[in-house]
Amino acid sequence: MDEGKAALYAAIIGFAAAIIGAAAGGWASWKAARHGADAAVRAAIEQVSRQADSERKHWVRQERRAAYASVIDAYMRFVRTSASLTSGLELSDRAEPQEPYERLAELGMACKKLALFGPASVEEAGFELQRCADAKARRPSEAGVGRRAGAALGGFLAACKEALAVDDDH
């Protein structure tokens, strides 16, 4: 074989090896880039998902706090109205006899919000508070009604505090 042919064969083999090497390197780079892009997309999706979950939990906490506060406010308005009927206030400063029932209805509406935002322990404590307030409105002079209402308020506050503490832990 003469030197010209040997050089030609070597050049062809070298050229083919360069093409094959470039193709293999390009394919490996493409696979690595695709893998990196896939990993970046998965990480971004996970981050957005965690952020959305965090935002939803924050919104629920805010709504719970507002619902709990509306129950407490409604109960306190009921107590003030009921107390004004039995106190020694001037006749003009006293609540109308139907007013405690209006405040009781407000308390009932506030307690219904608890069903939306829970948890069940707070919802049950709220409805117990409502039952005790109803008993206090219907039988204000019955022994023990006021104590049960006070205990129900304490139970409601404890349930709210526990639920909010669990929310803050997450």
Side-chain angles (χ1 to χ4, degrees), residues 31-170:
K31 286 294 274 184
R34 183 173 175 197
H35 178 71
D38 287 347
V41 166
R42 281 192 303 273
I45 288 171
E46 187 175 321
Q47 179 183 5
V48 168
S49 177
R50 279 195 312 265
Q51 181 67 27
D53 187 51
S54 176
E55 290 293 326
R56 185 191 62 76
K57 286 178 180 177
H58 179 71
W59 176 79
V60 168
R61 272 193 305 276
Q62 286 179 316
E63 292 301 315
R64 280 183 174 173
R65 285 184 180 118
Y68 300 169
S70 70
V71 170
I72 294 166
D73 290 344
Y75 180 75
M76 297 313 291
R77 282 191 301 273
F78 165 77
V79 168
R80 281 192 302 273
T81 302
S82 296
S84 76
L85 285 176
T86 58
S87 70
L89 293 175
E90 293 283 327
L91 197 56
S92 62
D93 293 333
R94 288 188 189 174
E96 294 295 320
Q98 78 279 2
E99 227 178 311
Y101 295 102
E102 292 170 3
R103 300 291 97 52
L104 194 59
E106 290 173 6
L107 177 60
M109 292 303 295
C111 286
K112 295 222 183 298
K113 289 180 188 176
L114 299 176
L116 294 174
F117 299 107
S121 60
V122 174
E123 182 182 358
E124 289 172 21
F127 285 119
E128 177 61 24
L129 181 63
Q130 183 184 5
R131 281 189 293 275
C132 289
D134 184 60
K136 189 173 181 177
R138 296 183 193 289
R139 302 180 304 275
S141 60
E142 184 177 307
V145 170
R147 259 192 327 275
R148 284 194 303 275
L153 178 60
F156 178 74
L157 294 173
C160 291
K161 186 176 180 180
E162 183 179 326
L164 292 174
V166 168
D167 283 348
D168 290 338
D169 289 344
H170 290 105

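Values reported hereafter were calculated over all heavy atoms of this structure, with side chains retained and with hydrogens, waters and symmetry mates removed. On a predicted model such as this, the values are computed, not experimentally measured, just so you know.
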Residues in salt bridge (Lys or Arg N to Asp or Glu O under 4.0 Å) contact with Arg42, at least two apart in sequence or another chain:
none

Could you walk me through whether Asp53 and Arg50 satisfy the salt bridge (Lys or Arg N to Asp or Glu O under 4.0 Å) test, starting with their C-alpha distance in whole Å, then the side-chain angles of each, then the deciding distance to 0.1 Å, before giving a yes or no?
CA-CA 5 Å; Asp53 187 51; Arg50 279 195 312 265; over 6 Å; no

Looking only at heavy atoms, what is the nearest atom pair of Trp59 and Phe117, with distance?
CH2-CE2, 3.8 Å

Here the pair of heavy atoms bringing Ala149 nearest to Tyr75 is CB-OH, 3.4 Å

Quick check: does any side chain N or O of Ser49 sit under 3.5 Å from a backbone N or O of Ile45, one acting as donor and the other as acceptor?
no

Ser70 side chain to Ala67 backbone, donor-acceptor under 3.5 Å:
yes

Could you pull out every donor-acceptor pair under 3.5 Å between side chains of residues 102-116 and any protein atom, sequence neighbours left out?
from: Arg103; atom 1: NE; to: Glu106; atom 2: OE1; distance (Å): 3.3
from: Arg103; atom 1: NE; to: Glu106; atom 2: OE2; distance (Å): 3.4
from: Arg103; atom 1: NH1; to: Glu99; atom 2: OE2; distance (Å): 3.3
from: Arg103; atom 1: NH2; to: Glu106; atom 2: OE2; distance (Å): 3.1
from: Glu106; atom 1: OE1; to: Arg77; atom 2: NE; distance (Å): 3.3

Point-to-point distance, once rounded to the nearest 0.5 Å, from CG of Leu129 to CG of Asp134
11.5 Å

Contact check, side chains of Tyr68 and Leu157, non-hydrogen atoms, under 4.5 Å:
no

Nearest-0.5 Å distance that lies between atom CG in Leu153 and atom CZ in Arg148:
15.0 Å

Between Gln51 and Glu55, is there a side-chain donor-acceptor contact under 3.5 Å, judged purely by atom types and distance?
yes

Any side-chain heavy-atom pair from Arg61 and Arg65 closer than 4.5 angstrom?
yes

Shortest non-hydrogen contact from Ala125 toward Gly155
CB-O, 4.0 Å

When rounded to the nearest 0.5 angstrom, what distance separates CZ in Phe156 from CD in Gln130?
11.0 Å

Chi angles and distances behind the side chain to side chain contact (heavy atoms under 4.5 Å, CB included) call for Gln62, His58
CA-CA 6 Å; Gln62 286 179 316; His58 179 71; 3.4 Å; yes

Smallest separation among heavy atoms of Tyr101 and Ala137, with atom names:
OH-O, 3.2 Å

